[in-house]
Amino acid sequence: MSKYLITGGNKICGTLSIKGAKNSILPLMVASLLNESISIIHNVPLIADVYTMIDILKSIGCKIDLDDHVLVIDSSNLTFNKIDEGYVKKMRSSIIVLGAMISRLEHVEIYEPGGCAIGKRPIDLHLNSLRKLGIEIEEGAIIDCKRKEIIGSDIILNSPSVGATENIILAAVKAKGITRIYNAAKEPEIEDLQEFVNKMGAKVSGAGSDFIEIQGVDKLDKVEHTVIPDRIAIGTYMVASAITGGYLEVDKIVRPHMEPINNTLIKAGCDIEYTKEGLILKSPKKISTINFLKTDIHPNYPTDMQAQMVALMTLGEGKTIFCETIFENRFMHCKELNKMGADTQVISNHICKVNGVEKLHAAKTTCPDLRGGAALILAALVGEGQSEINNIYHVERGYENIEGVLNNLGADMTKI
Ligand code: UD1
């Protein structure tokens, strides 16, 4: 199994160019099932989750070409109605294929995704919402979905789940009548999905707010689209620069998407200047504590940047309390960071205390999950000596060629 070796101490400096968002490209690939035609998607990140989604779509009959970050998906001929257990276990978010598949086919089967490292992660909101649209669902090890027609309906989400909002949109785009989602997720990736399906001819409005309306249409057309930049990948590299005392120019961002992260980095002492399309980060001499950071739904601070900010605060001047409100078990990186000399204490499933220390040192650590793995890389970039990071397949799910990107910016990092 591959691992990273990182010798800490080099400043991360230079210009960064980042491809599309992982959490956007996956639902867009799924949405390409809806038009029964060609979808061309630009700015595709070459990450493991994209390859898994390519395998999933191919397994049900799509023809797919990937060339230089451009995906061409031909969904005109679906030949299979079942998603294999292996795919669902590998990538829990494969559950979002359900909405689009049941829009295309009258009978669909998909394995129950089950829990994962960061918590139980139920799918009740997905399934109950699809039931409201007239889809019959039997739950077991296999989720068995049947429908005659999909009928628009009012759906009130108990909590604004990103995946459930996407699944509802995907199932409702070609439903009979109007679907309204109340308490919808407001994440930027939902806006990207709305733009993508509307370019096909769908009638979705309200994405980015907590009320989304979908007027069903009969037919959709081919589409060409560029994925939004990955705010979490950009944020991770900004922390890499900040933690090493470096400087980073990012060539392309969507400013409102970055602001929750940027405002926190500014509190930590970073200087952020916006350029025409991107930004420039200058790191402080000493990292300030941000005192308290709570993860929450957009436009608040994203849970997917919690672990990276914990890594930064291990070197903050003083104490920081983190409150994780989205997932129930998302502090597993703390134990690993402590192996590197950090002083973190997980108080409960939702609260963690980080006392800033003077310096970190190298250690042998193991990625607990995708963003936790990123946090270990960040700490290793500044830890004295050579760190070894194992289970890097987690990181490869969401970061394209992270060792190449960081080495270009001055890191000493090898994948072996
Ligand atoms: C998506 C992102 C993930 C991000 C998360 C929150 C993708 C591929 N993944 O995940 O990176 O961290 O949004 O921004 O886009 N919940 C239920 N029942 C459900 C669905 C969710 O209780 O049916 C709970 C979850 O267990 C979790 C919370 O709601 O505690 C938020 O989950 P959700 O917004 O659905 O996240 P995902 O779509 O899985």
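Worth knowing before you read on, the calculation uses all heavy atoms, side chains too, and leaves out hydrogens, waters and symmetry mates. One-based numbering, in listed order, for ligands and for the atoms of each. This structure is a prediction, so every number in the text was calculated from the model and none was measured.
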Query raised in the report: Relative to atom 26 (O) of ligand 1, which among A21, P302, P122, G163 owns the nearest non-hydrogen atom?
Result: P122
**Report entry** Heavy-atom nearest neighbour of atom 33 (P) of ligand 1 within options T325, T165, V162
**Finding:** V162
Query - Test item: side-chain donor near acceptor, Y247 and S241, under 3.5 Å - result: no
Requested in this report: Would you please say whether a donor-acceptor pair under 3.5 Å links the side chains of H107 and D144?
Outcome: yes
Return a yes/no value for [X]: is any of its N or O atoms, backbone included, closer than 3.5 angstrom to an N or O of ligand 1?
X: A164; result: no
X: T303; result: no
X: K22; result: no
X: D304; result: yes
X: S161; result: yes

Which residue supplies the protein heavy atom nearest to [atom], what is that atom called, and how far is it?
atom: atom 39 (O) of ligand 1; answer: R121 NH2, 2.9 Å
atom: atom 29 (O) of ligand 1; answer: S159 OG, 4.4 Å
atom: atom 18 (N) of ligand 1; answer: D124 OD1, 2.7 Å
atom: atom 15 (O) of ligand 1; answer: N23 CG, 3.2 Å
atom: atom 36 (O) of ligand 1; answer: F327 CZ, 4.1 Å

If the threshold is 4.0 Å, N to carboxylate O, is there a salt bridge linking [X] and [Y]?
X: K282; Y: E249; result: no
X: E324; Y: R330; result: no
X: E136; Y: K146; result: no
X: E112; Y: R92; result: no

Query raised in the report: Does some side-chain heavy atom of P302 sit less than 4.5 Å from a side-chain heavy atom of R231?
Result: yes
Report task. State, yes or no, whether a side-chain contact exists between E388 and T365 at a heavy-atom distance under 4.5 Å. Result -> no
Report task. Please check if a non-hydrogen protein atom sits closer than 4.0 Å to atom 24 (C) of ligand 1. Result -> no
Of all the atoms in ligand 1, which lie at a distance below 4.0 Å from a heavy atom belonging to [X]?
X: I326; answer: 27 (C), 28 (C), 30 (O), 31 (C)
X: I123; answer: 19 (C), 23 (O)
X: S93; answer: 8 (C)

Query raised in the report: Within a reach of under 6.0 Å around CG of D154, are more than 12 heavy atoms found that belong to other residues, nucleotides or ligands?
Result: yes
Query - Residue from N167, I96, I190 passing side-chain contact (heavy atoms from CB on, under 4.5 Å) with V162 - result: I190
Requested in this report: Please name the pair of heavy atoms, one in V217 and one in K203, separated by the smallest distance, quoted to 0.1 Å.
Outcome: CG1-CG, 3.9 Å
Query raised in the report: What do you reckon, does R330 put a non-hydrogen atom under 4.0 Å from ligand 1?
Result: yes
Query raised in the report: What do you reckon, does E189 put a non-hydrogen atom under 4.0 Å from ligand 1?
Result: no
